[in-house]
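FYI, side chains are in, hydrogens and waters are out, and symmetry mates aren't considered; it's all heavy atoms of this structure. In what follows, chains carry the letters A, B, and so on, assigned in the order in which the sequence lines appear, proteins first and then strands, with residues in each chain numbered from 1. Remember, predicted model here, so these are calculated numbers, not experimental data.
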2 protein chains.
Amino acid sequence: MARLSKKSEIVEQGLQLVLQQGFAQAGVQDITDAAGVPKGSFYNHFASKDAFGAEIVDVYFGRMRTMMADLLGDATRPPLARLEAYFDAIFAYARDKSGQGCMISTLCAEANGAADVLRDKLNGVLGEWRAPIAACIAEAQKRGDLAPAPDADTLARFVVDAWQGAMIRTKVSRDLEPLETFQRVVFGGVLVPLKRRSVRPPT
Amino acid sequence: MARLSKKSEIVEQGLQLVLQQGFAQAGVQDITDAAGVPKGSFYNHFASKDAFGAEIVDVYFGRMRTMMADLLGDATRPPLARLEAYFDAIFAYARDKSGQGCMISTLCAEANGAADVLRDKLNGVLGEWRAPIAACIAEAQKRGDLAPAPDADTLARFVVDAWQGAMIRTKVSRDLEPLETFQRVVFGGVLVPLKRRSVRPPT
DNA sequence: TGAAAAAGACCGAACGGTCATATTGCGCGC
DNA sequence: GCGCGCAATATGACCGTTCGGTCTTTTTCA
């Protein structure tokens with residue numbers, strides 16, 4: 001039987017549930033109910049709930065990876081345009097597909113109290129996420145599109161953190177305003193020249 | 001008995017515990033154990049765990065409020081210096097006091113699945129948090145220290161979101177690097193002039 | 001004397017996880 | 001091509017623990 005094992009069904013439904021409710025909040029029972037399988041099946045495929053968590057991070061990030069490769073790696077466009085296209089894409093993804101939220105930010109928020117295996121996985125994934133963004137920024141800096149001011153890696157860390165913060169707030173505001181704000185500020189101007197300008201007054 | 005009711009002890013220890021482990025993760029039993037009181041006492045003071053959550057948000061934000069009033073409202077200093085002083089202060093607070101994390105970001109992250117009373121409270125608190133920051137930014141814009149580009153409120157939303165995102169990542173990285181990155185980028189230059197510059201190449 | 005608080009035993013439900021059993025598809029000797 | 005055996009999966013009853021919350025009784029203080 002098993003039109004290819006029910007594992008994929010558990011992963012798919014579990015992904016949605018964790019996305020909506022958080023990892024701790026989504027019980028194993030809830031997940032297997034959503035997948036339409038008895039609870040026992042869960043432990044045929046996953047050693048523990050934590051192992052399941054690590055696996056859905058892989059699945060989820062696998063999908064992000066293809067989006068990143070497509071949009072951030074497109075050498076035919078200038079780096080900043082690629083960055084904007086990428087964030088447009090994950091914005092659209094958050095709007096249409098996931099109901100709602102970002103798996104990574106959701107799990108990061110619960111990192112305290114979570115198993116080390118999950119924390120380590122998240123650290124790795126965050127690095128993998130940041131790298132191509134930092135590469136785009138570095139390329140823009142080399143082209144002179146961007147000030148060399150904060151180095152590319154620092155800037156990439158900041159941007160990803162800001163995105164996650166916006167994602168977190170969507171859970172409270174229940175709309176996409178935080179993501180729109182992110183887009184507007186990051187790609188339309190920002191606090192930045194702040195310090196330098198205030199240091200040298202209009203004379 | 002009761003050197004002024006054990007409520008304050010429950011609130012104090014509960015605050016620390018929620019800060020460290022998250023709201024859902026910190027059980028009522030854990031909290032009363034930490035406070036050294038029997039579990040029954042908890043429900044003499046709080047109608048439910050959610051009501052307790054709303055109350056510790058008030059207590060926590062009350063402390064933030066005084067810090068905000070002191071540093072952001074100090075009319076003797078230029079607005080951008082006040083902003084930087086404020087973020088320096090909450091950085092130091094995160095480093096030294098809280099062990100570790102930010103109550104607001106922690107609870108926002110769990111907003112899905114949380115009671116509406118808590119979500120509403122968080123929305124209110126976020127607005128109250130943002131307002132004086134937006135006021136500082138607006139003042140800086142009026143003085144000409146800052147481009148009028150993204151309006152003050154939008155900028156304030158972004159900065160607060162970015163701070164929360166950094167706070168969230170400290171839970172994964174287990175160090176203060178995300179907060180340092182936030183400081184460096186926000187107060188040292190940023191992506192901002194990005195779009196405008198890339199649109200008009202060096203000719 | 002009465003209301004508030006302290007106290008701890010207690011509750012049903014849900015949690016993550018286990019286990020014994022039934023079922024299935026598949027490789028392999030024939 | 002066929003039957004057999006076996007490992008992987010399917011299944012649901014079951015386990016101990018912990019969850020948020022209740023109840024009753026005792027203590028305290030105004």
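For the residue pair B:Ser48 and B:Asp50, no side-chain donor N or O sits within less than 3.5 Å of a side-chain acceptor on the partner.
When the P atom of D:dC19 is taken as reference, atom CD of A:Gln29 falls 19 Å away, rounded to whole Å. Between the CG atom of B:Asp33 and the C1' atom of D:dT18 there is a distance of 12 Å, given to the nearest Å. At whole-Å resolution of the value, NZ in A:Lys7 and P in C:dG25 are 19 Å apart. Computed from coordinates, the B:Gln25 CD to C:dC15 P distance equals 14 Å when rounded to whole Å. Regarding B:Gln21, its CD atom lies at a distance of 14 Å from the P atom of D:dT18, rounded to whole Å. B:Ile31 places its CD1 atom 16 Å from the P atom of D:dT18, with the value rounded to the nearest Å. For the pair B:Phe23 CZ and D:dC19 C1', the interatomic distance rounds to 13 Å; values are reported in whole Å. Rounded to whole Å, atom P of C:dA7 lies 10 Å from atom CG of B:Asn44.
Shown here are the salt bridge (Lys or Arg N to Asp or Glu O under 4.0 Å) partners of A:Arg77, two or more places apart in sequence or in another chain: there are none. Judged as a salt bridge (Lys or Arg N to Asp or Glu O under 4.0 Å), and not counting sequence neighbours, the contacts of A:Arg169 are A:Glu177, B:Asp161. Take A:Lys39 and apply the salt bridge (Lys or Arg N to Asp or Glu O under 4.0 Å) test, not counting sequence neighbours, and it matches no residue. For B:Phe46, the ring-ring contact (aromatic ring centres under 6.0 Å, His included) partners are B:Phe42, B:Phe52, not counting sequence neighbours. Remark: A:Lys49 engages no residue in a salt bridge (Lys or Arg N to Asp or Glu O under 4.0 Å) (not counting sequence neighbours).
Residue A:Asp50 is out of contact with every strand shown, counting any heavy-atom pair closer than 4.0 Å.
In this structure a side-chain-to-backbone donor-acceptor pair under 3.5 Å is present from A:Gln141 to A:Pro150.
Between B:His45 and C:dA6, a side-chain N or O to OP1/OP2 separation shorter than 4.0 Å is present.
Residues of residues 35-43 of chain B that place a heavy atom closer than 4.0 Å to DNA chain C, in numerical order, are B:Pro38, B:Gly40, B:Ser41.
Here the side chain of A:Lys6 is nearest to one of D:dT11, D:dG20, C:dG17, namely D:dT11.
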